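Report on the following structure.
The structure displayed is predicted, hence computed values, not measured ones. Count residues from 1 along the sequence.
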Amino acid sequence: MAASTVSYVLSGKRSISSETRDRVQEAVQALGYRPNASARALASNRSNVLALVIPLRAGMHVPVLMQFATSVVTTARRYDHDVLLLTADEGRSGLERVSQSALVDALVVMDVELHDERVPLLRELPMPSVLIGIPADTDGLTCIDLDFFAAAEQCVDHLTDLGHHSIALLGTPSAVYARQTGFAHRTLAGFQAAVERRGIVGIETPCEATFDAVLNTVGELLEAHPGITGLVVQNEPIIGPLLDVLRKLGRRVPEDMSLMAICADDVAERQVPQLSSVTLPAEEIGQHAVEALIAKLEGGGTSAVTLVPARLTARASTCAAPEPQERTTA
């Protein structure tokens with residue numbers, strides 16, 4: 001068998017009969033052969049490295065970011081690519097520096113703002129990119145994210161269907177809203193739209209991720225709006241403190257206060273009581289982002305926006321709204 005035929009099988013650059021391909025793969029396995037990544041990179045003029053851009057900014061919850069990062073890294077390895085993690089908040093200049101360095105072949109960009117300064121540059125760069133997050137203007141971009149608008153709507157509908165007429169959204173830290181981060185604003189928009197559609201009272205407030213902040217925010221919220229019987233949380237690190245605060249304030253979950261969150265399933269399931277939630281599918285989103293990027297590198301793929309459907313799971317933390325005389329007061 002010619003060496004060129006073996007090369008074509010291993011590179012996938014030409015169509016080879018299934019019989020020949022099987023013979024080559026059997027020989028590869030028998031010999032324990034592994035392609036030399038450096039040699040392949042030189043031959044293809046590619047580094048086989050993807051950059052994952054996650055600026056570590058105020059208000060971001062690192063454990064959630066690392067769930068996305070883990071998914072991106074593990075999926076990239078399935079395609080024989082490594083990942084360079086970039087955490088500095090350098091905006092456009094950081095992307096320009098990376099693109100000019102020849103260190104990476106493509107970009108996965110996270111923490112996307114509605115009017116992100118990096119977006120115009122991404123349209124201009126010669127290397128492909130995928131955004132985990134959705135800016136206001138998606139023209140010419142490939143974006144993927146959870147449908148946060150629908151996630152908030154599902155939370156409101158779930159509580160309203162249980163008879164709750166006054167609910168609140170405990171959102172991200174104020175810095176996240178101030179940057180106009182896409183996921184936070186889409187959740188807020190979905191919450192507001194669903195509250196109006198269902199004709200109920202809905203209050204929104206940011207919340208910082210400390211016990212004292214949660215205590216003050218929730219205390220002030222319930223003092224100003226004592227009729228609230230349902231809470232929606234989009235702020236994973238406050239979930240544990242919030243349960244403690246509600247107990248401190250004499251509000252039983254779910255008898256006095258139904259509670260639900262937009263968060264990972266494992267976070268919802270380890271609370272007491274287990275939380276009704278819309279799952280944050282970090283693994284699925286990271287996988288889709290890398291697959292879209294690899295398709296672009298191989299000459300396929302098109303600009304598109306992919307919204308991962310919101311999936312709500314009802315658990316023990318939500319129930320029918322209490323009658324006014326049944327509520328336990330602080």
Side-chain angles (χ1 to χ4, degrees), residues 146-172 177 183-207 214 217-247 249-265 267-281 308-330:
L146 173 67
D147 190 342
F148 282 101
F149 188 98
E153 284 191 308
Q154 288 186 16
C155 291
V156 173
D157 286 336
H158 177 65
L159 291 172
T160 307
D161 290 344
L162 289 171
H164 296 271
H165 300 292
S166 182
I167 65 176
L169 170 66
L170 293 178
T172 64
Y177 288 113
F183 74 87
H185 279 269
R186 294 182 193 283
T187 303
L188 178 59
F191 180 84
Q192 293 172 334
V195 162
E196 182 177 359
R197 172 170 51 81
R198 297 302 297 262
I200 65 171
V201 176
I203 310 298
E204 316 96 27
T205 182
C207 189
V214 176
T217 299
V218 175
E220 292 172 1
L221 179 68
L222 296 181
E223 182 177 357
H225 307 278
I228 290 175
T229 59
L231 296 174
V232 178
V233 178
Q234 188 189 28
N235 192 340
E236 189 174 297
I238 76 166
I239 290 174
L242 176 58
L243 286 165
D244 292 337
V245 164
L246 290 173
R247 283 190 286 268
L249 296 176
R251 301 295 180 106
R252 300 167 298 167
V253 177
E255 294 87 353
D256 303 314
M257 184 70 70
S258 283
L259 175 62
M260 58 191 314
I262 301 172
C263 66
D265 282 336
V267 173
E269 291 169 353
R270 66 171 176 255
Q271 308 304 319
V272 180
Q274 292 191 346
L275 297 188
S276 297
S277 68
V278 173
T279 187
L280 180 60
V308 176
R311 298 187 293 269
L312 186 149
T313 301
R315 299 187 180 92
S317 67
T318 52
C319 70
E323 295 297 328
Q325 64 271 21
E326 294 177 356
R327 296 175 190 154
T328 302
T329 57

Test side-chain contact (heavy atoms from CB on, under 4.5 Å), reference Ser277, set Ile262, Leu259, Val233, Asp265, output is Asp265
Only residue of Leu169, Thr172, Asn235, Val218 satisfying side-chain contact (heavy atoms from CB on, under 4.5 Å) with Cys207 is Asn235
Between the main-chain N or O of [Y] and the side-chain N or O of [X], is there a donor-acceptor pair closer than 3.5 Å?
X	Y	answer
Gln154	Ala310	yes
Ser317	Ser276	yes
Asp147	Pro309	no

Minimum heavy-atom separation for [X] and [Y], please, with both atom names.
X	Y	result
Val195	Gly202	CG1-N, 3.6 Å
Ala316	Pro254	O-CG, 3.3 Å
Pro237	Pro241	O-CD, 3.4 Å
Phe191	Ala152	N-CB, 3.4 Å

Distance from [X] atom [atom1] to [Y] atom [atom2], nearest 0.5 Å?
X	Y	atom1	atom2	value
Leu188	Phe183	CG	CZ	12.0 Å
Tyr177	Thr187	OH	OG1	7.0 Å
Leu246	Met257	CG	CE	6.0 Å
Ile203	Leu222	CD1	CG	11.0 Å
Thr279	Glu269	OG1	CD	8.5 Å

Report yes if some heavy atom in the side chain of [X] is under 4.5 Å from a heavy atom in the side chain of [Y]; otherwise report no.
X	Y	value
Arg197	Asp157	yes
His164	Thr318	no
Arg311	Pro281	yes
Met260	Leu159	yes
Val201	Ile167	no

Next on the checklist: Would you say CD of Gln274 has more than 12 non-hydrogen atoms from neighbouring residues, nucleotides or ligands within 6.0 angstrom?
Outcome noted: yes
Exercise for review: Given side chain to side chain contact (heavy atoms under 4.5 Å, CB included), test Val245 with Ile238 step by step and report yes or no.
Suggested key: CA-CA 10 Å; Val245 164; Ile238 76 166; over 6 Å; no
By side chain to side chain contact (heavy atoms under 4.5 Å, CB included), Gln271 pairs with (sequence neighbours left out) Ile239, Leu243, Val267, Leu275
Derivation of the side chain to side chain contact (heavy atoms under 4.5 Å, CB included) call for Leu221 and Leu170
CA-CA 10 Å; Leu221 179 68; Leu170 293 178; 4.1 Å; yes
Q. Any luck finding a side-chain donor-acceptor pair between His225 and Ser166 under 3.5 Å?
A.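 Their side chains do not contain a donor-acceptor pair, so the 3.5 Å distance test is not met.
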